[in-house]
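Because only heavy atoms are used, hydrogens play no part in the values below, and waters and symmetry mates are left out as well, while side chains stay in.
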Amino acid sequence: MSRPTLAPELATGRAQTQLALGVIFVLSAAPTLANWVRGDFMNAPIKLAGFAVTAFVLWQVYRGSQIALFLTLALSGLGGFALMLLSPLGGISVQTVLLLLAGLAFAVCAIALYAHAPIKAFLASQRRSSRSA
């Protein structure tokens with residue numbers, strides 16, 4: 001079976017939603033992956049379970065779940081703003097600049113999920129299609 005084609009504005013919203021959710025997932029997984037590259041596999045099963053839960057919540061956002069969207073907005077938005085505000089307290093270094101940029105990326109993705117018109121339209125269409133199914 002082939003998937004139905006989307007209207008151009010919904011296709012744009014779908015691509016932007018996938019990008020925002022993908023950036024949130026990558027940013028949340030990056031510190032753990034960096035530890036694994038260094039050989040620190042402490043609590044690996046717990047981290048893998050965290051990856052699975054994160055992927056599940058983001059998938060629910062993609063499918064149009066309001067609760068998952070609010071949870072994602074709260075965690076990524078508040079976490080991003082906290083990173084942006086608190087990272088300069090560590091002084092000026094490469095790590096604090098990276099934390100500042102990661103916080104900015106989290107906050108931008110949260111704002112995009114909340115306020116960007118194509119993403120809102122796509123998520124609303126996903127919500128309507130899940131209700132009718």
Side-chain angles (χ1 to χ4, degrees):
M1 288 196 316
S2 65
R3 293 188 325 196
T5 59
L6 290 175
E9 61 274 0
L10 291 181
T12 301
R14 178 178 60 190
Q16 292 172 351
T17 302
Q18 290 171 344
L19 177 66
L21 295 175
V23 168
I24 289 172
F25 184 79
V26 167
L27 287 174
S28 65
T32 300
L33 295 176
N35 285 339
W36 288 354
V37 167
R38 282 186 262 141
D40 180 15
F41 292 100
M42 182 79 65
N43 298 325
I46 294 171
K47 301 288 186 176
L48 287 173
F51 289 164
V53 168
T54 302
F56 177 76
V57 170
L58 294 177
W59 174 250
Q60 292 305 313
V61 171
Y62 183 77
R63 291 186 55 212
S65 170
Q66 283 288 103
I67 294 171
L69 178 63
F70 292 146
L71 180 65
T72 302
L73 290 175
L75 293 176
S76 63
L78 293 176
F81 286 123
L83 273 175
M84 285 191 309
L85 293 175
L86 298 177
S87 64
L89 296 177
I92 301 297
S93 69
V94 173
Q95 289 177 332
T96 57
V97 171
L98 289 176
L99 285 174
L100 180 70
L101 292 175
L104 181 64
F106 270 121
V108 165
C109 287
I111 290 169
L113 286 173
Y114 180 73
H116 191 54
I119 292 176
K120 286 177 72 169
F122 173 73
L123 292 176
S125 74
Q126 291 289 88
R127 207 168 9 266
R128 283 191 302 272
S129 68
S130 68
R131 285 184 188 155
S132 65

Note to self: For L104 and L100: C-alpha separation, side-chain torsions, deciding distance, then whether side-chain contact (heavy atoms from CB on, under 4.5 Å) applies.
What the structure shows: CA-CA 6 Å; L104 181 64; L100 180 70; 5.8 Å; no
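- F51 approaches W36 most closely through the heavy-atom pair CE1-CH2, 3.8 Å.
- L101 CG to T96 OG1: the interatomic distance, rounded to the nearest 0.5 Å, is 9.5 Å.
- Residues L83 and L78 are members of separate hydrophobic clusters, defined by side-chain heavy-atom contacts under 4.5 angstrom among Ile, Leu, Val, Met, Phe, Trp and Tyr.
- Of all non-hydrogen atoms in M84 and A107, the two that sit nearest each other are CE-CB, 4.1 Å.
- The CG atom of L99 sits 8.0 Å away from atom OG of S93, with the distance rounded to the nearest 0.5 Å.
- In the displayed structure, Q66 atom CD is contacted under 6.0 Å by more than 12 heavy atoms of other residues, nucleotides or ligands.
- The two residues S28 and T54 come nearest to each other via the heavy atoms OG-CG2, 3.9 Å.
- To the nearest 0.5 angstrom, L123 atom CG is 13.0 Å from Y114 atom OH.
- To the nearest 0.5 Å, atoms CG (L69) and CG (L58) are separated by 10.5 Å.
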Next item on the list: Kindly determine whether F122 and Q16 satisfy side-chain contact (heavy atoms from CB on, under 4.5 Å), including the steps that lead there.
Entry: CA-CA 9 Å; F122 173 73; Q16 292 172 351; over 6 Å; no
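- In the hydrophobic cluster analysis, where Ile, Leu, Val, Met, Phe, Trp and Tyr join through side-chain heavy atoms closer than 4.5 angstrom, L19 is grouped together with L73.
- Nearest approach of A110 to S76, heavy atoms of both residues: CB-OG, 3.5 Å.
- Minimum heavy-atom separation, Q60 to A68: CB-CB, 3.7 Å.
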Next item on the list: Starting from the C-alpha separation in whole Å, work towards a yes-or-no answer on side-chain contact (heavy atoms from CB on, under 4.5 Å) for L113 and L21.
Entry: CA-CA 9 Å; L113 286 173; L21 295 175; 3.9 Å; yes
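- The CG atom of L89 sits 8.0 Å away from atom OG of S87, with the distance rounded to the nearest 0.5 Å.
- In summary, the side chains of Y62 and Q126 do not present any donor paired with an acceptor at a separation below 3.5 Å, with no hydrogens or angles considered.
- Minimum heavy-atom separation, A102 to L27: O-CD1, 3.9 Å.
- Taking CZ of F106 as the start and CZ of F81 as the end, the distance is 12.5 Å to the nearest 0.5 Å.
- Hydrophobic cluster membership is shared by W59 and F70, with clusters built from Ile, Leu, Val, Met, Phe, Trp and Tyr side chains linked at under 4.5 angstrom.
- Between I24 and the choices V61, V57, T72, the side-chain contact (heavy atoms from CB on, under 4.5 Å) rule is met once, by T72.
- Using a 4.5 Å heavy-atom cutoff, the side chains of R38 and N35 are in contact.
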